[in-house]
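Scroll down for the structure; my scribbles are underneath it.
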There are 2 protein chains.
Amino acid sequence: MAEAGFAKFSSREVAKRIGYSVGTLYNIFGSYDRLIIAINTRTFRLWAAWLEEGLAGNPQDRPQDRIAALVEGYFSFAQENTHIWMAIYDHRLPPGIPMPQDYAGQRAGLTEIVVREVAAVLPCETRDIAPRLARSLVATVHGHCTFALNGSFALLGETDPLEMATARVKESLRAAGAKL
Amino acid sequence: MAEAGFAKFSSREVAKRIGYSVGTLYNIFGSYDRLIIAINTRTFRLWAAWLEEGLAGNPQDRPQDRIAALVEGYFSFAQENTHIWMAIYDHRLPPGIPMPQDYAGQRAGLTEIVVREVAAVLPCETRDIAPRLARSLVATVHGHCTFALNGSFALLGETDPLEMATARVKESLRAAGAKL
DNA sequence: AAAATAATTAGACAGCGTTCAATTCGCGTC
DNA sequence: GACGCGAATTGAACGCTGTCTAATTATTTT
């Protein structure tokens, strides 16, 4: 997936490379969709770990700007793992078939990190809106990241999508009472 | 494309429905990618017209909130034309092959509308940042719209992504000096 | 009516996800 | 060591896909 990207990914090629036949792959994962769900859930785990790492590391560089670290982590993971990151959003399961429970849980981890950090930066009075606001800010950053990677920004002459995203996020946090 | 969606769309099925053979389709469009580019560029045109319509219509309902009308138009188009809207972002041309010039021009129309409206709402002092800010706000709305349609928001209990997106946009515009 | 040009087709090719009867493997028992 | 049995694995078959091209049909020009 990392090499070929979502469009050119194929179960047959996977089988070839791991030295098994397609049949075995299907006995284990059941369908193409479930194989991709497994891959994408792994990506979510890696991504969450990447964010935590970004928050923990370099405490001298940026003493306390954990919000900027989150946005930066979101972008850099997508940038350094383009194909597997895009695969998350390229894949859509057939309507009606819901995400398996255990997978959904692992995927929620990423949002939880953001909710936690957003809550920490908000004043007590507005802290209860943290979950909703956090999701909205993730969407904001996601939009910027998507356009940065698919070329929409470059096409329009934008050179620093990360800075843009960070600015938008901080504006919204300040509007909610955060002192940054 | 509207019926089947990007993943299940196929040139052979198109040929069947229009009463031609695949070969003819390939003589005209040259490749699958260019057929999809044609479809998606049409979608961009429809989308831009939809936005202009939303701005022109109902001047009594919302006297002058043109920014809200833009966000609403972005969302409602995506919601009422899910498949063709998603196809825009599902399709990625092979690396190295650039978007044909004439198509790129038609696609830029959408951004121009937003730049114009953002500039109109900014005070003279900050009007020069309108193009950059407009692109950033489009990214913000896009992120919210994506999560609304792919279920990410619903999964997390969010019920009103449109309101969220509008709030984020207005916060950023106010931060840039707009009086709303 | 004949010649020249344009439009269209059918079929071949390689690859895809999916299925499943047939085969092979691993291991406990006689 | 030989047998048996369940689990793991296979590869061929099916219908689908995008892509290409030689052959055919339509249309226009002469």
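We name chains A, B, ... by the order of the sequence lines, and we start the count at 1 in each one.
Here B:W50 and B:Y74 keep their ring centres 6.0 angstrom or further from each other.
Interface remark: the A:R12 side chain does not form any donor-acceptor pair with the C:dG15 base, using a distance-only criterion of under 3.5 Å.
Ring geometry for A:W47 versus A:W85: interplanar angle over 60°, hence perpendicular rather than tilted (30 to 60°). Ring planes of B:H144 and B:F153: tilted class, angle from 30 to 60°.
To the nearest angstrom, C1' of C:dC16 lies 14 Å from CG of A:L25. The nearest whole Å value for the distance from the CD atom in A:E13 to the P atom in C:dT18 is 17 Å. D:dC16 atom C1' lies 15 Å from atom CZ of B:F9, rounded to whole Å. Across the protein-nucleic acid pair, B:K16 atom NZ and C:dA10 atom C1' stand 15 Å apart, rounded to whole Å. As rounded to whole Å, 13 Å separates atom P of D:dG11 from atom OH of A:Y20. Put simply, NZ on A:K8 is 11 Å from P on D:dT19, counting in whole angstrom units. Computed from coordinates, the A:F29 CZ to C:dT19 P distance equals 16 Å when rounded to whole Å. As a whole-Å value, the separation of B:I28 CD1 from D:dT19 C1' is 16 Å.
Within the 4.0 Å cut-off from OP1 or OP2 of C:dG17, at least one side-chain nitrogen or oxygen of A:S11 is found. Dashed line: the shortest gap from a side-chain N or O of B:S10 to OP1 or OP2 of D:dT17 is under 4.0 Å. Within the 4.0 Å cut-off from OP1 or OP2 of D:dT9, not a single side-chain nitrogen or oxygen of A:S21 is found.
Shown here for B:S11 and B:V22, the closest heavy-atom pair between the two residues is OG-CG1, 4.1 Å. In terms of heavy atoms, B:T146 sits closest to A:H142 at CG2-NE2, 4.1 Å. Taking every heavy atom of both residues into account, B:A176 and B:L122 meet most closely at CB-CD2, 3.8 Å.
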Short N/O separations, protein against nucleotides 20-27 of chain D, under 3.5 angstrom:
none

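Using a 4.5 Å heavy-atom threshold, the side chains of A:L55 and A:R116 count as touching.
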